[in-house]
Protein chains: 4
Amino acid sequence: MRLGKTEEKRDSILQAAAKVFSKKGFYQARIEDISREAGVGKGTVYEYFSSKEALFKNMLVDLNREHFETVYEGCPPMGSVVRRLEKILVLHFKFIENQRDVGRLLIESHFSLGKEIHLWLWELQLEKIKDLAKIIDAGAAQGEFRRDVDVYLAAHIVFGAVAAVSGMIIMEEIPSGKLENLARNTLALVLRGLKVDT
Amino acid sequence: MRLGKTEEKRDSILQAAAKVFSKKGFYQARIEDISREAGVGKGTVYEYFSSKEALFKNMLVDLNREHFETVYEGCPPMGSVVRRLEKILVLHFKFIENQRDVGRLLIESHFSLGKEIHLWLWELQLEKIKDLAKIIDAGAAQGEFRRDVDVYLAAHIVFGAVAAVSGMIIMEEIPSGKLENLARNTLALVLRGLKVDT
Amino acid sequence: MRLGKTEEKRDSILQAAAKVFSKKGFYQARIEDISREAGVGKGTVYEYFSSKEALFKNMLVDLNREHFETVYEGCPPMGSVVRRLEKILVLHFKFIENQRDVGRLLIESHFSLGKEIHLWLWELQLEKIKDLAKIIDAGAAQGEFRRDVDVYLAAHIVFGAVAAVSGMIIMEEIPSGKLENLARNTLALVLRGLKVDT
Amino acid sequence: MRLGKTEEKRDSILQAAAKVFSKKGFYQARIEDISREAGVGKGTVYEYFSSKEALFKNMLVDLNREHFETVYEGCPPMGSVVRRLEKILVLHFKFIENQRDVGRLLIESHFSLGKEIHLWLWELQLEKIKDLAKIIDAGAAQGEFRRDVDVYLAAHIVFGAVAAVSGMIIMEEIPSGKLENLARNTLALVLRGLKVDT
DNA sequence: AATGAATGAGTCTTCATTCAT
DNA sequence: CATGAATGAAGACTCATTCAT
C-alpha cells in the first residue's frame, strides 16, 4: 500500500497548500509560500498542478474526501437516525477542532473568489447538503422525523446550524472536552426546536 | 432632508463599492471598476476613503446599518416573540432577495482576506448573533421558548440556519412570491425541530 | 512702502515654499504642504505661480536675492580685499546659520532634478562664482593676491571651500559664537594655503 | 576570476542604475528605465534589490568603492605628501572625466531626497573627508604642511575645492588633455593660497 | 523529474493641476 | 480673487507562470 515517491510529493504539496491557504486565504497565499512549506521548488508545484486555482480546487476536493471519510464512513447507517446524527456531529466537530486551520476552510464556504470558482464551491457544499438530506429522509422514512417537513429545506437548516456552531468552535476555541456535549445540545435544538412543547 | 453634495458622492461610491465587491470579491475588485461604476474619477475614491480596505470596511458597516434598519427597526418588539421572529425572517429574506449581490456579501461572512480583516468580519457577525440571542432570551422570558436551552448556542444555530436558507434563495433564485412561505417553514423547523412530537 | 495684499500673499507662499522645499526636497514636497504652510488654499498657489517648478525657481531666485543683499550689499568694496572677504565670509556663515533649512538649499547646488532645472541651478551658482571672481580679480589688481593664478579657477576653489564649510556648519550644528573664528580660519587657509612657508 | 552569472547580472543592473540615476536623478529615474538599460525584466531588478532606494544606495556604495580603488589605492603613500596629493587629484579628475554621468553623482553630494537618505549621503561624504584629513595630517607630521591648521577644517576646504573644480570639469567639458595641468594649478592654490608671498 | 531565476502584466496609490463655485 | 473637490497620469512593486539547466 506504499505510495510512490511521486504520490508522496503530490501529497506533501496538498498538505502545504491546505495549511497556507487556510492561514492566508486564496489571494494572500503565494505559490512560493506553499512550495517552501512543502519543501520543494516553486517549479515543482507546477509539475503536479497546472495553476494556483487548480491546486486550490484539488486541495479542497482532497480535504472534502478526508472529511467525508472521517465523518460519514466512520459512521455508517445504524438503527436510529438520531443516534447516527449525533455521532456524525461529534465526529464533525472533532474533525473541525483537530484541524482548526483546515477546518476553517471547510466552513468558509464562501470566499471572495471569482464567480466561477465561487459556483464550484457552492456545488461542493450542495453535495454535503444532499448527503444530509438523504439522512434526514431516512429518518422520516423510519418514522423518527416528521413527514411534513421539506427535507431539502431541513437539510439546509441543519447544515447552516452545524456550520455556525463549527465557526463558534474555531473562533471561540471551545476546548476539546466540551465537544460531545455541544454536539448533543446542538442536535437537541435541531430536533426539538426552540418552542416549548405544547 | 437633502444630503450635501459631498455626502451624496460618498454614498454613490459606497453603492458602487457594494456592487463591485459583491460581484467580484475583495481581491478581484479594482478600485477603477468601483470609481467608474460610481461615475467618478479614480482619485476621487481616495478623497473619501483612505484605502481599498477602508472602503471595503465602510461599505460593510453601511450595509449592516441598512440591514439592521430594514429588518430589526422595521420590526419592533411586539406581543409574541414568535410572531416577531417570523416577521424578521420575512423582512430578512426580502432584503436578501432585493439585493442579491449585496445580500451575498452579508451571508458570505467569510472571505479570503487577511487574518486581521477576517477577525473584524467575525466581530460584525457576532453582533448580529447577539441581537438574535436577546430576542430568543425575551422569548424564553415570556414563556414562549424552552428555558433549558443555551441561548447563545441557540442564537448561533438560528443564525446559521437563516444564513444557509439565505444562500439557497440567492443561489437557487427562489422567486419572490415564495419567500413568505419559506420564512414560515424555516421558522417552523427552527421552533418545532425535526423530531416527531412525542 | 507697504506691500499690497497681493504682494504679501505672494511672499508668504514663497516663504512657505522655502521652508517646505528645504525640509523635504523638490520631489517630496507637496504643493498642498506649501499651501497649508502659507495658510492659503491649494488653488491660490497657482494664482501666483504657474507650476511647482516655477514656484521652486522663484523661491530660489528670491533666496538668492536675499543672500546677495545680506552678504554682498551689506559689505561694499573697501580698502582691503582681504578684509572684505573676511567680512563676506562672516556674513555668509551667519546667513547660513540663521536659516539652516533655507541655507541647506543654497548649498545643495545639486539636486536630483531633471536636467533642465539642473542646468538652471548651475547657472545660478555660476553667477555667484563670477561675483567671487570679480572680487579676487580686484585683489590681484590691488596687489594683495598673486597675479599668476587663474582667477576663474580660484573663484571655483573658494566657492567650493566655502560651500563645504557651510555644509559643516549646518550638519554639525556649529554654534553661532564660533562662526567668526571659523570664517577667519577658513580664509587664512584659502589665502595662505596648506604648505609651510618657505 | 570569473563572476558567477548571478553576480554578473547584479553588476549590470548596478551599472544601468548608475547611468540612469545619474542622468535623471533619483525621482525622475524609473525602475523600468533601469531594467531596460540593463537588458533585464522589471521584476528582475527586485530579485536583486528590495526597493528603488536600496538599489540607489547600493549603486552609490559600489561607485564609492570603485572611486576609492581607483584614486586612493591606485596611489599609495609615498615620500612626499604633496606629490601624492597631486597624483590623487589627477586620478580623481580623470575618474570624473571618464564617467561624466557617474561622476556627477559623486559630486552631487546633495540630493532632493528624503532626510534619512540625505543623512546617509552626508556620512558617505564625511568618510571621504576623513580620508583626506588623514593625508593632510601625515603631511603636517612630515613637516610639509603647516602645523597650525585645523586638519578637519582643512580637509573640508580641500574637499570642497576639489568638488567645485570637478563640477567645472563636468559642466564646462574641460578636455582630457588639460586635466593634469588643472590638477597642478588647483593643488598649487590649495597649497600656497591666494595671497602674495610676504 | 526538479529547480528557481527571470519575466511583465496588473493594481493600488500619489499628487500636480484644473475649474466650478 | 480664493478655494478645494475632482481628476487621471504615472510608477513602484507583487507574484503567477515559464523555461533553461
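Computed from a predicted model, the values in this text were never measured in an experiment. Just so we're on the same page: letters track the sequence lines, and every chain starts at 1.
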Next on the checklist: Using whole Å, what does the distance between atom P of nucleotide E/dG4 and atom CD1 of A/I34 come to?
Outcome noted: 16 Å
Item to check | Nearest heavy-atom neighbours spanning A/K128 and A/N64 | outcome: CE-OD1, 2.7 Å
Next on the checklist: Tell me the interatomic distance from B/E8, atom CD, to F/dA5, atom C1', rounded to whole angstroms.
Outcome noted: 14 Å
Checklist outcome for this item: Closest non-hydrogen atoms of B/S12 and B/A38, given as atom of the first, atom of the second and distance, are O-CB, 3.7 Å
Checklist entry - Out of F/dA5, F/dA2, E/dA2, which has the shortest distance to the side chain of A/T44? => result E/dA2
Item to check | Nearest heavy atoms of D/S35 and D/G41, plus distance in Å | outcome: CB-O, 3.6 Å
Item to check | Integer-rounded Å distance: E/dT14 C1' and C/D33 CG | outcome: 12 Å
Protein-nucleic acid N or O pairs under 3.5 Å, nucleotides 14-17 of chain F:
{"from": "F/dA16", "atom 1": "OP1", "to": "A/A29", "atom 2": "O", "distance (Å)": "3.4"}
{"from": "F/dA16", "atom 1": "OP1", "to": "A/K52", "atom 2": "NZ", "distance (Å)": "3.0"}
{"from": "F/dA16", "atom 1": "OP2", "to": "A/I31", "atom 2": "N", "distance (Å)": "3.0"}
{"from": "F/dT17", "atom 1": "OP2", "to": "A/Y46", "atom 2": "OH", "distance (Å)": "2.8"}
{"from": "F/dT17", "atom 1": "OP2", "to": "A/K52", "atom 2": "N", "distance (Å)": "2.9"}
{"from": "F/dT17", "atom 1": "O4", "to": "A/K42", "atom 2": "NZ", "distance (Å)": "3.4"}

Next on the checklist: By nearest heavy atom, map B/Y48 and C/V40 onto DNA chain F; which one lands nearer the 5' end?
Outcome noted: C/V40
Item to check | Whole-Å gap separating P (E/dT7) and CD1 (D/I13) | outcome: 9 Å
Item to check | Contact summary for A/A29 and A/K52, nearest pair of heavy atoms | outcome: O-NZ, 2.9 Å
Checklist outcome for this item: Dot-bracket for DNA chain E, 5' to 3', Watson-Crick and G-U pairs with both distances under 3.5 Å, [ ] for crossing pairs, | for partner on another strand, reads .||||||||||||||||||||
Checklist entry - With sequence neighbours left out, what residues match B/R30 under side chain to side chain contact (heavy atoms under 4.5 Å, CB included)? => result B/E32, B/D33
Checklist entry - What does B/F49 touch in the nucleic acid at a heavy-atom separation under 4.0 angstrom: a base, only the sugar-phosphate, or nothing? => result nothing
Next on the checklist: Could you check whether any side-chain N or O of D/N58 sits under 3.5 Å from a backbone N or O of D/A54, counting only pairs where one atom can act as donor and the other as acceptor?
Outcome noted: yes
Next on the checklist: Between A/S35 and E/dG4, is there a contact of a side-chain N or O with OP1 or OP2 at under 4.0 Å?
Outcome noted: no
Item to check | Nearest-0.5 Å distance, NZ of residue C/K57 to OG of residue C/S50 | outcome: 9.5 Å
Checklist entry - Atom NZ of D/K24 and atom P of F/dA10: how far apart are they, to the nearest Å? => result 13 Å
Item to check | Atom pair distance, as rounded to whole Å: NZ in D/K9 and P in F/dA20 | outcome: 13 Å
Next on the checklist: Within the structure provided, determine whether D/F21 and D/I34 are in side-chain contact (heavy-atom separation under 4.5 Å).
Outcome noted: yes
Item to check | Passing option when C/K19 is tested against C/K24, C/M59, C/E37 for side chain to side chain contact (heavy atoms under 4.5 Å, CB included) | outcome: C/E37
